[in-house]
Amino acid sequence: MRAGSPRAGTAARTGREGGLASGGQSTPWRAAWGGLGVTGVLVTSGWCAFVLSVFVASDGHHVRIAFNWLVLAPLVLVAGGLAVRGAGAWRQWRLHGQEAVDLRALAFGLGALWLVAGYFVASVLWAGAPPDVDGTSVVRELKNPLYLSALAVAATMAVAAAPRWMGALDRVVIGACVVAVLAALTVHLATHGAANALLHRMQGLGALRNELVIASVAGVCALLALARHAAAETPAARMHWLAVVCLLLVAMLMTQSRGPLFAWLLAAAVLLACARRNLRDLAWCAVVGAVAVVGLNLALPEAGERIADAVRQRGLDFSFRDWIWAAVADETRGQFWFGQGLRGDRQVVTAVGVFPHEHNSVLASWRFGGAVGLLLFVGLCGGALWLAARLGPARGNARAMLLPWLVFGMVCQLTNGGFPFGRPAYDWWLIWIPAAWALALNVVPLAEPPGRRTWVGGWAGRGQRSVRGLPAKV
């Protein structure tokens with residue numbers, strides 16, 4: 001075969017892509033960084049571990065500590081290694097780095113983030129309180145877009161360096177969520193008893209102790225399992241993932257959190273409309289569930305009546321959100337275009353009490369940034385949805401799971417969210433983690449090996465090779 005022939009070029013590209021997936025030495029990433037090395041392993045494993053940290057952290061403070069050690073520290077090591085190696089390392093990156101990462105696309109994505117977040121940072125200057133008096137300042141608020149940029153850069157490095165790790169991450173996340181849900185169900189049943197379990201809202205453990213938090217995290221994992229079900233090839237695999245979906249939905253129902261449940265139904269409809277596979281199993285599952293509900297109601301009529309009363313009460317109860325939203329609208333009146341400006345004290349004072357945040361991320365962006373900030377934030381969310389949608393149709397390709405994930409997170413934030421540009425916390429699960437993942441998959445065109453992709457960033461078997469992030473046919 002001649003070295004300059006098209007077939008030789010195709011073979012070289014195939015070998016490079018295969019090496020990128022299989023851990024060979026001839027990948028653009030390894031050429032750019034001089035081998036994956038310890039720092040590459042730390043960045044990849046650190047990003048994956050941070051995604052999982054919500055299941056083991058005792059509270060939000062420990063989630064932030066996990067981010068600092070698992071994401072920021074490895075990036076500092078990478079930057080320090082490049083600095084120590086000097087100009088030669090940067091020349092090596094210029095020669096090979098753009099084959100591993102589309103630097104212009106990455107810079108554009110990070111630039112859009114900084115445009116929006118930078119506006120809110122600048123709004124500190126026209127806030128009512130002087131800088132630092134109420135615990136905020138421009139320097140302090142600059143940390144938040146820096147954190148988000150680090151999350152996106154680490155995700156990009158992880159997808160480029162270890163796509164098979166990233167491809168298997170959703171399995172690990174689902175497994176961790178199942179363990180957390182089973183632990184929460186056990187504690188809930190032991191505390192309230194089986195007869196009264198449905199009359200009390202189930203809480204999680206550790207950082208998931210809030211009903212809304214565990215419902216949101218379980219909802220994300222239920223969507224991931226549903227994507228696995230839609231892509232499954234065998235009846236045993238379909239039944240396995242369907243059972244996981246049912247377990248996680250039961251956990252969501254036990255929390256009695258209406259916002260995440262509504263968001264999940266909407267996101268699941270988006271996923272199923274794209275997948276259009278294995279719908280018969282879901283139909284049978286719905287029939288069996290309806291029969292089970294009717295049977296339990298007939299067997300335990302008194303418990304059924306009490307549960308129905310509880311559902312009716314919560315169904316009509318706004319849980320003080322109407323008071324919160326009215327208070328935010330009152331205090332922002334007269335500051336429509338540019339808002340109140342970002343400040344440290346973000347509590348909402350109402351006639352019925354004081355609440356920690358607005359319970360609506362869009363409303364929070366208008367509260368502090370006005371109509372300009374609201375439009376910027378909505379535009380950034382639209383960009384994240386576009387990044388996920390352009391990854392390809394979801395037929396047999398659960399990488400498009402990122403689109404329903406983002407839909408779920410954004411709808412959840414309409415009833416439960418606060419100011420979106422905050423420090424690392426569980427709500428990063430809802431928007432920023434899937435957005436960073438979608439950006440990474442868009443800017444790393446050779447991240448996926450030849451073969452049929454059946455989950456987020458993963459592959460299975462041999463099939464049509466995908467090029468520059470376009471989906472392979474299934």
Side-chain angles (χ1 to χ4, degrees), residues 51-52 54-55 170 173-189 191-192 194 196-230 240-272 281-282 285-286 288-290 292-293 296 304 307-308 310-315 317-319 321 359 401 404-417 426-431 433-434:
V51 174
L52 294 166
V54 70
F55 298 109
D170 68 319
V173 167
I174 294 171
C177 188
V178 167
V179 172
V181 161
L182 289 175
L185 285 171
T186 301
V187 173
H188 186 72
L189 292 174
T191 303
H192 301 288
N196 298 317
L198 293 176
L199 302 179
H200 301 272
R201 301 183 66 184
M202 187 187 76
Q203 297 177 335
L205 305 177
L208 304 178
R209 66 173 59 92
N210 185 281
E211 299 92 345
L212 290 171
V213 175
I214 189 172
S216 299
V217 173
V220 169
C221 294
L223 286 172
L224 293 174
L226 185 62
R228 285 278 185 173
H229 170 272
H240 165 75
W241 292 114
L242 191 58
V244 173
V245 173
C246 292
L247 171 64
L248 296 177
L249 287 180
V250 167
M252 293 182 70
L253 289 170
M254 295 289 287
T255 67
Q256 301 180 31
S257 299
R258 296 156 299 172
L261 284 169
F262 172 77
W264 194 90
L265 292 174
L266 181 61
V270 173
L271 174 60
L272 295 177
D281 297 334
L282 298 176
C285 184
V288 172
V293 169
L296 288 174
I307 294 170
V311 170
R312 282 192 293 268
Q313 286 183 347
R314 284 198 56 77
D317 181 18
F318 281 92
S319 298
R321 284 169 176 77
H359 283 272
M401 174 64 248
W405 186 346
L406 282 167
V407 169
F408 174 79
M410 292 175 184
V411 175
C412 279
Q413 294 296 76
L414 292 178
T415 56
N416 305 323
Y426 100 91
D427 52 3
W428 276 28
W429 255 66
L430 300 179
I431 296 180
I433 286 178

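FYI, side chains are in, hydrogens and waters are out, and symmetry mates aren't considered; it's all heavy atoms of this structure.
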K.L.:
If I compare all heavy atoms of Val54 with all of Ala207, which pair ends up nearest, and what's the gap?
P.N.:
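Closest pair (atom of Val54, atom of Ala207, distance): O-CB, 3.9 Å.
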K.L.:
For a quick test of reading the model, state the closest non-hydrogen atom pair linking Leu52 to Ala176 and the distance between them.
P.N.:
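It is CD2-CB, 4.2 Å.
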K.L.:
Which residues pass the side-chain contact (heavy atoms from CB on, under 4.5 Å) test with Leu253, sequence neighbours left out?
P.N.:
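side-chain contact (heavy atoms from CB on, under 4.5 Å) check on Leu253 returns Leu261.
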K.L.:
Considering residues at least two apart in sequence or located in another chain, which fulfil the ring-ring contact (aromatic ring centres under 6.0 Å, His included) criterion with His200?
P.N.:
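ring-ring contact (aromatic ring centres under 6.0 Å, His included) list for His200, sorted by chain: His192.
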K.L.:
Tell me, please, which residues at least two apart from Val187 pass side-chain contact (heavy atoms from CB on, under 4.5 Å).
P.N.:
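Thr191, Leu205.
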K.L.:
Which pair of non-hydrogen atoms, one from Ile174 and one from Cys221, has the smallest distance, and what is that distance?
P.N.:
CG1-O, 4.0 Å
K.L.:
Which pairs with one or both residues in residues 207-220 pass side-chain hydrogen bond (donor to acceptor under 3.5 Å, both in side chains), sequence neighbours excluded?
P.N.:
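Only Gln203-Glu211 qualify under side-chain hydrogen bond (donor to acceptor under 3.5 Å, both in side chains).
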K.L.:
How close do Gly259 and Thr415 get, counting heavy atoms only, and between which atoms?
P.N.:
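Shortest heavy-atom contact: CA-OG1, 3.9 Å.
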K.L.:
Within this structure, what is the NE2-OG1 distance for the pair His188 and Thr255, rounded to the nearest 0.5 Å?
P.N.:
10.0 Å
K.L.:
Which residues pass the ring-ring contact (aromatic ring centres under 6.0 Å, His included) test with Phe55, sequence neighbours left out?
P.N.:
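Here the qualifying residues are Trp429.
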K.L.:
For residues Leu406 and Pro434, report the shortest heavy-atom separation together with the two atoms involved.
P.N.:
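Nearest pair, atom of Leu406 first, then Pro434: CD2-CG, 3.7 Å.
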K.L.:
What's the spacing between Asn416 CG and Ser257 OG if we round to 0.5 Å?
P.N.:
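Between Asn416 CG and Ser257 OG, I get 7.5 Å after rounding to 0.5 Å.
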K.L.:
For residues Trp405 and Leu224, determine if any side-chain heavy atom of one lies less than 4.5 Å from a side-chain heavy atom of the other.
P.N.:
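SC-SC contact between Trp405 and Leu224 confirmed.
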K.L.:
Among residues at least two apart in sequence or on other chains, which ones pass side-chain contact (heavy atoms from CB on, under 4.5 Å) with Ala267?
P.N.:
Leu223, Pro404, Val407, Phe408
K.L.:
Please enumerate all residues that pass side-chain contact (heavy atoms from CB on, under 4.5 Å) together with Leu185, with sequence neighbours excluded.
P.N.:
Val181, Met202, Leu247, Met254
K.L.:
So which heavy atom on Ala218 is nearest to which on Cys177, and how close?
P.N.:
CA-SG, 3.8 Å
K.L.:
Run the ring-ring contact (aromatic ring centres under 6.0 Å, His included) test against Trp241 and tell me which residues pass, sequence neighbours left out.
P.N.:
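Residues passing ring-ring contact (aromatic ring centres under 6.0 Å, His included) with Trp241: none at all.
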K.L.:
Quick check on side chain to side chain contact (heavy atoms under 4.5 Å, CB included): which of Val220, Leu226, Leu271, Asp170 does Met401 satisfy it with?
P.N.:
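So, applying the side chain to side chain contact (heavy atoms under 4.5 Å, CB included) to Met401 and each of Val220, Leu226, Leu271, Asp170, only Leu271 qualifies.
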